[in-house]
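Down below is the structure, laid out as structure tokens.
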Amino acid sequence: MTAHRILLLGPPGAGKGTQAKRLSDEYDLDHITTGDALRQNKDMETEYGTPGEFMDAGELVPDPVVNEIVVAALEDADGFVLDGYPRNLEQAEFLSDETDLDHAVFFDVPEDVLIERLTGRRVCDECGANYHVKFDQPEEESVCDECGGELIQREDDTEETARERLRVYRENTEPVVEHYREAGDLSEVSGEGTPDEVFEHVRDVIEN
Ligand code: AP5
């Protein structure tokens, strides 16, 4: 059987990263995430400025920078779960020239829940593991269960920047979701419920 090629779509805070990690473990897939790749290179100088300048404002990083990350990651991947890309129609077109997809899954989550998830998220400064002050607490406050690193708030997870990211999502990325929906290629699942419950929905989509 060939390895799965899965795309996860949804607004900021929908749980794409959370579910991508589970899918990657379950099906032995590469987790390709432009957000993490950009965070690791926030201060890299490009002809457009640094990625961090766009990210901390909640805006999209210019397409050529992001496309390059995706091309390099796809080259090395057999099966993959792609999270955070494509975020506009130009990126979607670029992606369709680079690879085919077996599944595109959209997570539906209401906006008030998204804001609560984003503003309450904490991430490990060392290994990047995700937590939430209410929904996914570490055993010891502010300490990563996995590596003992310090848990911090992402700079773009303040309420003001989270709302700007949602605005950018509606303007740029909702047309991408519509594009896959119109092509009949989109499976839509509820992103509410516990991470385990959401994962069951996703697994149903992948296996049926
Ligand atoms: P990126 O890192 O991709 O952020 P995002 O898309 O805004 O997504 P998030 O990581 O915020 O949310 P998620 O859906 O992964 O949710 P998560 O699982 O973490 O992008 C950041 C920035 O990089 C962008 O703003 C942009 O500047 C730039 N960028 C990235 N890709 C780009 C591209 N292609 N083009 C241009 N620029 C790009 O969950 C969120 C929280 O909720 C966590 O605390 C988690 O514990 C909790 N949670 C998850 N699931 C559940 C659940 N079922 N119940 C309760 N809590 C839950």
Side-chain angles (χ1 to χ4, degrees), residues 7-24 31-42 46 48-71 73 81-92 94-95 105-110 112-124 128-138 144-145 151-158 161-174 176-177 189-202:
L7 170 63
L8 300 185
L9 289 164
K16 303 180 298 292
T18 301
Q19 298 301 327
K21 183 170 184 324
R22 286 163 181 245
L23 286 165
S24 152
H31 179 191
I32 302 177
T33 154
T34 46
D36 284 358
L38 290 166
R39 266 184 291 284
Q40 282 157 17
N41 293 284
K42 264 184 110 170
T46 75
Y48 312 95
T50 64
E53 288 166 32
F54 297 90
M55 299 171 81
D56 291 348
E59 309 302 326
L60 295 185
V61 174
D63 290 348
V65 177
V66 186
N67 291 344
E68 199 178 324
I69 292 171
V70 171
V71 169
V81 49
L82 183 55
D83 146 26
Y85 182 99
R87 265 178 145 92
N88 59 30
L89 287 171
E90 291 74 22
Q91 292 180 12
F94 185 87
L95 178 65
V105 182
F106 170 72
F107 296 113
D108 191 18
V109 180
D112 55 333
V113 177
L114 295 172
I115 293 290
E116 188 180 18
R117 286 189 187 175
L118 290 170
T119 54
R121 171 169 48 194
R122 297 294 180 269
V123 294
C124 176
N130 253 329
Y131 297 85
H132 192 279
V133 292
K134 195 162 147 192
F135 306 127
D136 185 9
Q137 297 168 341
C144 178
D145 292 343
L151 303 187
I152 58 165
Q153 184 173 36
R154 259 169 58 172
E155 295 203 31
D156 59 350
D157 276 346
T158 60
T161 309
R163 289 200 184 278
E164 174 60 9
R165 287 161 61 202
L166 286 168
R167 188 196 67 73
V168 168
Y169 168 81
R170 283 193 292 272
E171 186 174 307
N172 295 276
T173 315
E174 275 187 355
V176 174
V177 175
V189 303
S190 169
E192 289 193 274
T194 66
D196 284 348
E197 287 165 350
V198 177
F199 186 63
E200 284 310 310
H201 297 314
V202 181

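We count ligands from 1, going down the list as the structure has it; atoms in each ligand are counted the same way. One is the number of the first residue; the rest follow in order along the sequence.
- Compare Arg87, Arg22, Glu90, Gln19 by their heavy atoms: the one nearest to atom 5 (P) of ligand 1 is in Arg87.
- Ranked by closest heavy atom to atom 26 (C) of ligand 1, the top entry among Gln91, Arg121, Glu59, Glu164 is Glu59.
- Taking atom 31 (N) of ligand 1 as the reference point, the nearest protein heavy-atom neighbour is Thr34 OG1, 2.7 Å.
- Side chain of Arg117 to backbone of Ala14: a donor-acceptor contact under 3.5 angstrom is found.
- Residue-level proximity to ligand 1 for Lys21 is absent, since no heavy atom of it falls below 4.0 angstrom.
- The shortest N/O to N/O separation between Gly15 and ligand 1 falls below 3.5 Å.
- Both the backbone and the side chain of Leu60 come within contact range of ligand 1, each with a heavy atom under 4.0 Å.
- Judged by the shortest distance from any of its heavy atoms, Gly10 lies outside the 4.0 Å radius around the atoms of ligand 1.
- A heavy-atom distance below 4.5 Å is not found between the side chains of Phe199 and Thr194.
- Not a single heavy atom of Tyr169 sits less than 4.0 Å from an atom of ligand 1.
- At a threshold of 4.0 Å, the pair Arg122-Asp136 does not count as salt-bridged, since none of the basic side-chain nitrogens sits closer than that to a carboxylate oxygen.
- The backbone N or O of Gly84 sits nowhere less than 3.5 Å from a side-chain atom of Lys16 that would complete a donor-acceptor pair.
- Of the listed options Arg117, Glu197, Arg154, Lys42, Arg117 places a heavy atom closest to atom 42 (O) of ligand 1.
- The number of heavy-atom neighbours closer than 6.0 Å to CD of Glu155, taken from other residues, nucleotides and ligands shown, is 12 or below.
- Looking at residues two or more places apart in sequence or on another chain, you find a ring pair (Phe, Tyr, Trp, His ring centres under 6.0 Å) between His132 and Phe135.
- For ligand 1, the polar-atom distance check finds no N/O of Val198 at less than 3.5 Å from any of the ligand's N/O atoms.
- The shortest non-hydrogen separation linking Asp196 to Arg22 is OD1-NH1, 2.6 Å.
- Checked by distance only, ligand 1 and Leu118 stay at 3.5 Å or farther apart across all their nitrogen or oxygen atoms.
- Distances between N or O atoms of Gly193 and those of ligand 1 include at least one value under 3.5 Å.
- One option in Asp63, Thr18, Leu9, Val176 has a heavy atom closer to atom 17 (P) of ligand 1 than any other, and that option is Thr18.
- Of the listed options Arg165, Lys16, Met55, Met55 places a heavy atom closest to atom 23 (O) of ligand 1.
- Selection from Val61, Asp36, Val109, Asn172 by nearest heavy atom to atom 37 (N) of ligand 1 gives Val61.
- Counting heavy atoms closer than 4.0 Å to ligand 1, residue Leu38 contributes side-chain atoms (C-beta onward) but none from N, CA, C or O.
- Within the 4.0 Å heavy-atom criterion, neither part of Pro86 lies near ligand 1.
- Here Arg122 has no heavy atoms under 4.0 Å from ligand 1, in either its backbone or its side chain.
- Ligand 1 has an N or O atom lying under 3.5 Å from an N or O atom of Gly17, backbone or side chain.
- Of the protein's non-hydrogen atoms, the one nearest atom 12 (O) of ligand 1 is Gly13 N, 2.9 Å.
- Atoms CG and CG, on Asp83 and Asp36 in that order, are 7.5 Å from each other to the nearest 0.5 Å.
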Ignoring hydrogens and angles, write down the donor-acceptor pairs under 3.5 Å from the side chains of residues 53-61, residues two or more places apart or on other chains.
{"residue": "Glu53", "atom": "OE2", "partner": "Thr50", "partner atom": "N", "Å": "3.4"}
{"residue": "Glu53", "atom": "OE2", "partner": "Thr50", "partner atom": "OG1", "Å": "3.2"}
{"residue": "Asp56", "atom": "OD1", "partner": "Lys42", "partner atom": "NZ", "Å": "2.8"}

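- Arg39 counts as a contact of ligand 1, since one of its heavy atoms falls under 4.0 Å from the ligand.
- Heavy atoms of Ala57 stay at 4.0 angstrom or farther from ligand 1.
- One N or O on the side chain of Arg165 and one on the backbone of Asp156 form a donor-acceptor pair closer than 3.5 Å.
- Looking at Tyr131, Phe135, Tyr85 and measuring to atom 56 (N) of ligand 1, the nearest heavy atom belongs to Phe135.
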